[in-house]
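Presented below is the structure to which this report refers.
Reckoned from all heavy atoms, side chains included, excluding hydrogens, waters and symmetry mates. Predicted model only: the values in this text are computed from it and were never measured.
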Amino acid sequence: MVDDEIQEIFERAGCEGAMLVRSAADGAEFGLRADELVVPASVIKVLVASEAETRFADGSLDPRERVALGGADRTPGPVGLFLFEDDVTMSWRDMVVLMLTISDNPCTDALIHRLGTDALNATARRLGLHDTVIRSDLMDMLDSMGQDLGHTGWLDLLSWSADASPDESARVDEALPTTRALDPEKDTPPHHTAGHGHAAPARSGADRRARPPPAPGYAPSWHGS
């Protein structure tokens with residue numbers, strides 16, 4: 001059976017997986033644990049892109065409108081704009097491209113703030129995704145993980161991890177899956193439309209360049225996905 005083969009792949013990788021594939025031609029479906037609640041990770045970026053493209057098409061959002069993304073307060077990520085030193089000005093449509101091609105987090109949060117979680121969740125319901133809910137931007141999600149692990153936010157956790165002992169790092173790695181953001185059954189952090197609202201102070205480009213990279217196991221599951 002195909003589902004047994006796919007389950008074996010997940011087991012060999014040492015993880016649990018869920019998936020649903022639907023044919024665009026005839027609607028035929030194949031699923032594995034498809035009805036279980038899971039943390040959607042970067043899959044939410046497809047929903048964000050769908051809402052953005054809908055706004056572009058109906059004229060309620062100008063895809064060519066240029067938006068300034070400051071360098072001092074960007075959502076962390078392993079690629080893309082977070083690695084830039086300077087302020088960036090780009091269009092909404094180009095943000096969608098970066099979000100979908102390299103999973104850019106600053107572009108995702110900028111789009112979430114512009115579109116709003118209410119609109120995104122309404123689009124999910126319109127598409128029949130009644131159990132899919134976005135309650136916060138990525139920055140708030142990351143900060144909630146840092147706070148659940150005893151720090152002021154995600155950046156504070158990364159700073160602490162640079163000098164943590166192997167035992168301390170192992171304990172945090174073990175606790176990471178229990179945080180609210182990684183458990184679909186738990187409450188998630190609030191969404192802030194007017195700003196990230198995270199506890200860690202704003203960082204300059206130089207501060208970001210000097211900050212240590214995430215320790216193994218601390219990169220959130222949606223990075224690069």
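Looking at every heavy atom in both residues, P63 comes nearest to S91 through O-CB, 3.3 Å. Minimum interatomic distance between W92 and L111 (heavy atoms only, all atoms of both residues): CE3-CD2, 3.6 Å. Across all their heavy atoms, L83 and P78 have their closest contact at CD1-O, 3.5 Å. Pairing each heavy atom of L115 with each of R55, the nearest pair is O-NH2, 3.1 Å. Across all their heavy atoms, G17 and L32 have their closest contact at O-CD2, 4.1 Å. Considering all non-hydrogen atoms of both residues, P177 and D173 come closest at CD-O, 3.3 Å.
Environment of CG in D131: sparse, with no more than 12 heavy atoms of neighbouring residues, nucleotides or ligands closer than 6.0 Å. Shown here is R12, whose CZ atom has more than 12 heavy atoms of other residues, nucleotides or ligands within 6.0 Å. When the shell of 6.0 Å around CD of E65 is examined, it contains more than 12 heavy atoms from other residues, nucleotides or ligands. Within 6.0 Å of CD on E174 lie no more than 12 heavy atoms contributed by other residues, nucleotides or ligands.
A donor-acceptor contact shorter than 3.5 Å is absent between the side chain of D87 and the backbone of A68. Remark: the backbone N or O of V48 is not paired with any side-chain donor or acceptor of E51 at under 3.5 angstrom. Between the side chain of R180 and the main chain of M145, no donor-acceptor pair closer than 3.5 Å is present. Side-chain atoms of D104 come within 3.5 Å of backbone atoms of L81 as a donor-acceptor pair (strictly under, hydrogens ignored). Between the side chain of S159 and the backbone N or O of D156, no donor-acceptor pair lies under 3.5 Å. Judged purely by atom type and a 3.5 angstrom limit, T101 uses its side chain to pair as donor or acceptor with the backbone of V97. At least one donor-acceptor pair under 3.5 Å links the side chain of N105 to the backbone N or O of P76. Within the 3.5 Å criterion, the main-chain N or O of F84 finds a donor-acceptor partner in the side chain of R74.
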**Request:** List the steps and the verdict of side chain to side chain contact (heavy atoms under 4.5 Å, CB included) for D137 and H113.
**Result:** CA-CA 8 Å; D137 62 15; H113 296 163; 2.7 Å; yes

**Prompt:** What's the verdict on side chain to side chain contact (heavy atoms under 4.5 Å, CB included) for E168 and S161, showing C-alpha distance, side-chain angles and the deciding distance?
**Reply:** CA-CA 9 Å; E168 290 173 325; S161 70; over 6 Å; no

**Request:** Test M95 against M99 for side chain to side chain contact (heavy atoms under 4.5 Å, CB included), laying out the working first.
**Result:** CA-CA 6 Å; M95 289 189 213; M99 177 178 68; over 6 Å; no

**Item:** side chain to side chain contact (heavy atoms under 4.5 Å, CB included) between T54 and R126, worked out
**Value:** CA-CA 12 Å; T54 299; R126 176 173 57 82; 4.2 Å; yes

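Under a 4.0 Å N-O distance rule, the pair R33/E36 qualifies as a salt bridge.
At least one side-chain heavy atom of M19 sits less than 4.5 Å from a side-chain heavy atom of V21. No side-chain heavy atom of D62 sits less than 4.5 Å from a side-chain heavy atom of F56. Residues E8 and I6 fail the side-chain proximity criterion, which asks for heavy atoms closer than 4.5 Å. Annotation: side chain of S103 is not in contact with side chain of V79 (no heavy-atom distance under 4.5 Å).
Distance check: D109 CG to R114 CZ gives 15.5 Å after rounding to the nearest 0.5 Å. Note that the CG atom of D94 and the SG atom of C107 stand 8.5 Å from one another [nearest 0.5 Å]. Taken from CD1 in I44 to CD1 in I134, the straight-line distance is 4.5 Å, to the nearest 0.5 Å. Atom CH2 of W160 is separated from atom CG of L155 by 15.0 Å, given to the nearest 0.5 angstrom. A distance of 7.5 Å separates CG of L69 from OG1 of T89, quoted to the nearest 0.5 Å. In this structure, S136 OG and L142 CG are separated by 9.0 Å, a value rounded to the nearest 0.5 Å.
One hydrophobic cluster holds both L138 and V88 under the rule that ILVMFWY side chains link at heavy-atom gaps under 4.5 Å. Hydrophobic cluster membership is shared by L61 and L47, with clusters built from Ile, Leu, Val, Met, Phe, Trp and Tyr side chains linked at under 4.5 angstrom. Each of I9 and F30 belongs to its own hydrophobic cluster when Ile, Leu, Val, Met, Phe, Trp and Tyr are linked at side-chain heavy-atom distances under 4.5 angstrom. Linking Ile, Leu, Val, Met, Phe, Trp and Tyr whenever their side-chain heavy atoms come within less than 4.5 Å leaves V38 and M141 in two separate clusters.
For the side chain to side chain contact (heavy atoms under 4.5 Å, CB included) with T123, the lone residue among N121, L120, L127 that qualifies is L127.
Checking S60 against D58 by side-chain atom types alone, a donor-acceptor pair falls below 3.5 Å. Between the side chains of D26 and S23, a donor-acceptor pair is found at a separation under 3.5 Å.
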